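As structure tokens, the structure follows; a few thoughts come after it.
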2 protein chains.
Amino acid sequence: MSTRALPYRPHNHDACVQQALASARAICQQHKARLTPTRERVLELIWQSHKPLGAYDVLAELTSEGHSAAPPTVYRALDFLQQYGLVHRIASLNAFTGCTYAGEQHTGMFLICRACGNVLELRGIEVSTAIHNAAGTEAFHPETITLEVSGLCPGCKTEAPHE
Amino acid sequence: MSTRALPYRPHNHDACVQQALASARAICQQHKARLTPTRERVLELIWQSHKPLGAYDVLAELTSEGHSAAPPTVYRALDFLQQYGLVHRIASLNAFTGCTYAGEQHTGMFLICRACGNVLELRGIEVSTAIHNAAGTEAFHPETITLEVSGLCPGCKTEAPHE
DNA sequence: CCTGCGAATGTTATAATGTTTCAAATATCG
DNA sequence: CGATATTTGAAACATTATAACATTCGCAGG
Ligand SMILES: [Zn+2]
Ligand SMILES: [Zn+2]
Ligand SMILES: [Zn+2]
Ligand SMILES: [Zn+2]
């Protein structure tokens, strides 16, 4: 269903974005949710950037396009997109990124390069299982998992191998 | 070395706190780091609460004690405490909690009850291994892992089993 | 076509969280 | 003591997020 974005490697990003938008439209239709122009534009802006985008980055882009927008405009769109699993919030960055596996059941695991800022989302089924097992030993009932790994991507690691 | 706090169960919390402070003093001495009165008081305040404390919560407490404090006072103390592994920042809450395993090498995994607000820190070695394995398949070099699980603790789960 | 209703948006203000900057005080060591 | 580095005080500022209320829009029923 979803074409997996090649991690940290060059690819036709326009096609990438267009596919994400098409997928989003389908998902919203399924749920009878309205992917309005503002919501769709916010999703597109987020997808166009490989790096997570802050809410105010999105806002700046919208206003630069002549859209009369205020913080609530963006946050409301982001809430909607999160609700339908189209974007994820990266808590450690206060930023948002497009979901690579929209429509598929998954626990998002994010590899965040501290050098280039790119983010790769993995499904991480084994990780998810291990987390649920660990929580189970404490009789804890998990609902949402925040898993963000900061470090160096392959490219940046070879560029700057010496700390 | 460290006495594991009994998860979500009653215990002598004063002793809990005193032990954490003693441990912190030892760790700082080892590293020739200065656990100044303000830093120690911030650590104590954070430990006294089982729930993660926001920076401004700490600040309010300090000022209520007559301490002339401003935001940087607290953030500097928190930076110091994080640097020496004495507290963790919970990114999904914008709050801070005392480290249960200070001085021990570990990847913090936090079980956060959305009902009562209590937080339990687990070491989660299997989880850590799974994360590193997953990152390895992408040739990613992990440095810091943010792993926060929100859900219901055993107590709150039985109280409100029906969503 | 109107009309009413709920969803979505516009607008303003404000809250909550975190940082920069520079000066003053304090500890540490020779 | 005097030089040096660390820590703290203080004020302003920056960033991120929400509250409150008015207005508009999409759509179904009459
Ligand atoms: Zn996802
Ligand atoms: Zn990189
Ligand atoms: Zn810890
Ligand atoms: Zn609970």
Side-chain angles (χ1 to χ4, degrees), chain A residues 24-25 28-29 31-43 45-46 49 51-84 86-97 117 146 148 150, chain B residues 24-25 28-43 45-46 49 51-84 86-97 117 146 148:
Chain A
R25 282 187 279 261
C28 287
Q29 204 158 27
H31 292 78
K32 300 191 209 305
R34 291 170 52 200
L35 188 61
T36 61
T38 302
R39 290 167 174 173
E40 183 169 332
R41 182 66 183 130
V42 169
L43 179 59
L45 286 170
I46 286 174
S49 164
K51 316 178 194 219
L53 230 45
Y56 280 75
D57 295 332
V58 175
L59 178 58
E61 190 57 37
L62 286 183
T63 55
S64 87
E65 292 172 358
H67 188 302
S68 157
T73 308
V74 175
Y75 282 102
R76 286 194 281 229
L78 290 170
D79 285 348
F80 172 88
L81 295 171
Q82 280 185 269
Q83 195 177 332
Y84 290 96
L86 303 175
V87 306
H88 293 288
R89 185 180 134 87
I90 309 291
S92 58
L93 298 178
N94 292 335
F96 300 82
T97 194
T146 299
E148 302 166 10
S150 177
Chain B
R25 282 187 280 261
C28 287
Q29 204 158 27
Q30 274 176 25
H31 292 77
K32 301 192 207 307
R34 291 169 51 200
L35 190 60
T36 62
T38 302
R39 290 167 175 173
E40 183 168 333
R41 183 66 184 130
V42 169
L43 179 59
L45 286 170
I46 287 174
S49 164
K51 314 177 196 219
L53 229 45
Y56 279 74
D57 296 332
V58 174
L59 178 57
E61 189 58 35
L62 287 183
T63 55
S64 87
E65 292 172 359
H67 188 303
S68 157
T73 308
V74 175
Y75 282 101
R76 287 194 281 229
L78 290 171
D79 285 348
F80 173 88
L81 295 170
Q82 281 184 269
Q83 194 177 335
Y84 291 97
L86 303 174
V87 306
H88 293 287
R89 184 180 136 88
I90 309 291
S92 58
L93 299 177
N94 292 336
F96 300 83
T97 193
T146 299
E148 302 165 12

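Because the structure is predicted, anything quoted here is derived from the model rather than measured.
Summarising the geometry, the separation between NE2 on H67(A) and C1' on dA8(C) is reported as 11 Å, rounded to the nearest angstrom. Rounded to an integer number of Å, the gap from NZ of K32(A) to C1' of dG6(C) is 17 Å. One atom, CG of L35(B), and another, P of dT26(C), lie 19 Å apart when rounded to the nearest Å. Between the CG atom of N94(A) and the P atom of dG18(C) there is a distance of 8 Å, given to the nearest Å. The separation between H31(A) atom NE2 and dA7(C) atom P is 17 Å, rounded to whole Å. Taking atom CG of residue L81(A) and atom P of nucleotide dT9(C), one finds them 10 Å apart after rounding to whole Å. Going from atom OH of Y75(A) over to atom P of dT9(C) covers 17 Å, rounded to whole Å. Between the OH atom of Y56(B) and the P atom of dA15(C) there is a distance of 13 Å, rounded to whole Å.
With hydrogens and angles disregarded, a donor-acceptor distance shorter than 3.5 Å links the side chain of T73(A) to the backbone of A70(A). Panel note: side chain E148(A), backbone S92(A); a donor-acceptor pair is recorded below 3.5 Å.
Checking dT19(C), dT11(C), dG18(C) against every side-chain atom of P72(A), the shortest atom distance belongs to dT11(C). Nearest to the side chain of R34(A), among dT19(C), dA27(C), dA7(C), sits dA7(C).
Between dG18(C) and R89(B), a contact under 4.0 Å exists linking OP1 or OP2 to a side-chain N or O.
Sequence order on DNA chain D of the closest nucleotides to T36(B) and F96(A) puts T36(B) first from the 5' end.
In the displayed structure, Q29(B) atom CD is contacted under 6.0 Å by at most 12 heavy atoms of other residues, nucleotides or ligands.
Protein chain A touches strand DNA chain D; the 5'-most and 3'-most nucleotides with an atom under 4.0 angstrom of its non-hydrogen atoms are dT16(D) to dG26(D).
The nearest pair of heavy atoms linking L53(A) to I46(A) is CD2-CA, 4.0 Å.
R76(A) comes within contact range of at least one nucleobase, with a heavy-atom separation under 4.0 Å.
Partner V74(A) forms a side chain to side chain contact (heavy atoms under 4.5 Å, CB included) with one of T63(A), L59(A), D79(A) and no other, that one being L59(A).
A centroid separation of less than 6.0 Å is found between the aromatic rings of Y84(B) and H31(B).
You'll find the side chain of H88(A) stays beyond 4.5 Å of the side chain of Q82(A), heavy atoms only.
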